[in-house]
Amino acid sequence: MAAQQRKVVVVGAGSGIGAAVATHFHDNGDHVLAVDLRPNDTPASEHAQCDLRDADSIAELIGRLDGGWDLLAHVAGVPGTAPARDVLTVNYLGMRLMTEGMLPLLRRGGAVVAVASIAGIGWEQRLDGLTELLEATDAESVEKWQARQDPGFPVYTSSKQAVLLYAKRLAGPALAKYGVRVNTVSPGPVETPILADFERSMGKDVLDILRSTYGRHGTVDDIVPAIAFLGSDAAQWINGQDLHVDSGFISSMTAGVPIPL
């Protein structure tokens, strides 16, 4: 049992990493609000439904909550095989609206940890376009932004790049005004129900490189500890960071020739 019960909101708690995160904190003795689009039986203190495509649904949920929460773990997301509007609205805009709504309800010293993806690498090369996306704060504006983009560029990548840039730009102001840290976790391929969607949208051959190199894809149990750490008081001096949890996959692709052993 935890020395002191914490209050944790997990968005996307119905399956996959989100369910594992909610279960972890629940089993640790914390008070967990498990939020998902659909009803579910994830272990939690209480459950709520919310449609991240709908700003009113998010506002309605936030309006029912009291203050004093310790952590918002925002795990919800849809793969690139979903309609482009949903990918951007859920993965970027829904995360943004949920985060900004929760900030006043989190205690000083609390944290936001959002799940991004290694698919978001390269955001530094798209700052101008992503800055325009971050100026879009409603679904209509997001859809108009996407309509101006190269249709061949993966919308899932855009959504996760936006999450990364948004979190980094929010981290300083959120800490200064609310005393809340904002960080992201970027998993590599993870064995969850939507892995097949990622194989179709990102390319099975690419994902199989990781499996062949390290023997397996990640599991939810590989990702949960990273989220738990960044959301804990042990990470009080970590803010505005993105943690790759991918067994070194991105490093092996970007750092050049490996050191022979």
What pairs of donor and acceptor atoms, side-chain ones from residues 62-69 against any protein atom, are under 3.5 angstrom apart with sequence neighbours left out?
unit_1	atom_1	unit_2	atom_2	d
Arg64	NE	Glu60	OE1	3.3
Arg64	NE	Glu60	OE2	2.8
Asp66	OD1	Lys7	NZ	3.2
Asp66	OD1	Trp69	NE1	3.4
Trp69	NE1	Asp66	O	3.0

Legend entry - pair Leu61-Val35: side-chain heavy atoms closer than 4.5 Å: yes
Legend entry - Side-chain touch Trp145/Leu88, heavy atoms, less than 4.5 angstrom: yes
Inset, instruction - Mark yes or no for whether Arg181, through its side chain, and Ile238, through its backbone, hold a donor-acceptor pair below 3.5 Å. - result: yes
Legend entry - Residue list, salt bridge (Lys or Arg N to Asp or Glu O under 4.0 Å) with Arg126, at least two apart or on another chain: none
Inset, instruction - With sequence neighbours excluded, give me every salt bridge (charged side-chain N to carboxylate O under 4.0 Å, His left out) pair touching residues 149-176. - result: none
Legend entry - Qualifying salt bridge (charged side-chain N to carboxylate O under 4.0 Å, His left out) pairs with a residue from residues 43-52, counting only residues at least two apart or across chains: Asp51-Arg53
Legend entry - Nearest-0.5 Å distance, CG of residue Leu133 to OH of residue Tyr92: 5.0 Å
Legend entry - Donor + acceptor pair across side chains of Ser141, Asp138 (<3.5 Å): yes
Inset, instruction - Could you tell me whether the side chain of Leu93 reaches within less than 4.5 Å of the side chain of Leu97, counting heavy atoms only? - result: yes
Inset, instruction - Sorted by first residue and then second, give each salt bridge (charged side-chain N to carboxylate O under 4.0 Å, His left out) pair with at least one member in residues 109-121; sequence neighbours left out. - result: none
Inset, instruction - With the side chain counted from C-beta on, respond yes when Leu106 and Val112 share a heavy-atom pair under 4.5 Å apart, and no when they do not. - result: yes
Inset, instruction - Take atom CD of Gln236 as the centre, draw a 6.0 Å sphere, and report whether it contains more than 12 heavy atoms from other residues, nucleotides or ligands. - result: yes
Legend entry - Nearest non-hydrogen partners of Asn91 and Val78, listed with the distance: OD1-N, 2.8 Å
Inset, instruction - Decide yes or no for His31 and Phe25: does some side-chain heavy atom of the first lie under 4.5 Å from some side-chain heavy atom of the second? - result: no
Inset, instruction - Evaluate the side-chain hydrogen bond (donor to acceptor under 3.5 Å, both in side chains) criterion for residues Asp222 and Thr219: first the C-alpha distance (whole Å), next the side-chain angles of each, then the deciding distance (0.1 Å), finally the verdict. - result: CA-CA 5 Å; Asp222 295 317; Thr219 69; 3.3 Å; yes
Legend entry - Test side chain to side chain contact (heavy atoms under 4.5 Å, CB included) applied to Leu52 and Ser57, step by step: CA-CA 7 Å; Leu52 293 175; Ser57 180; over 6 Å; no
Legend entry - Heavy-atom side-chain proximity of Glu143 to Glu140 below 4.5 angstrom: no
Legend entry - Pairs satisfying salt bridge (charged side-chain N to carboxylate O under 4.0 Å, His left out), at least one member in residues 87-114, at least two apart: Asp70-Arg107, Arg96-Glu100, Arg107-Asp233
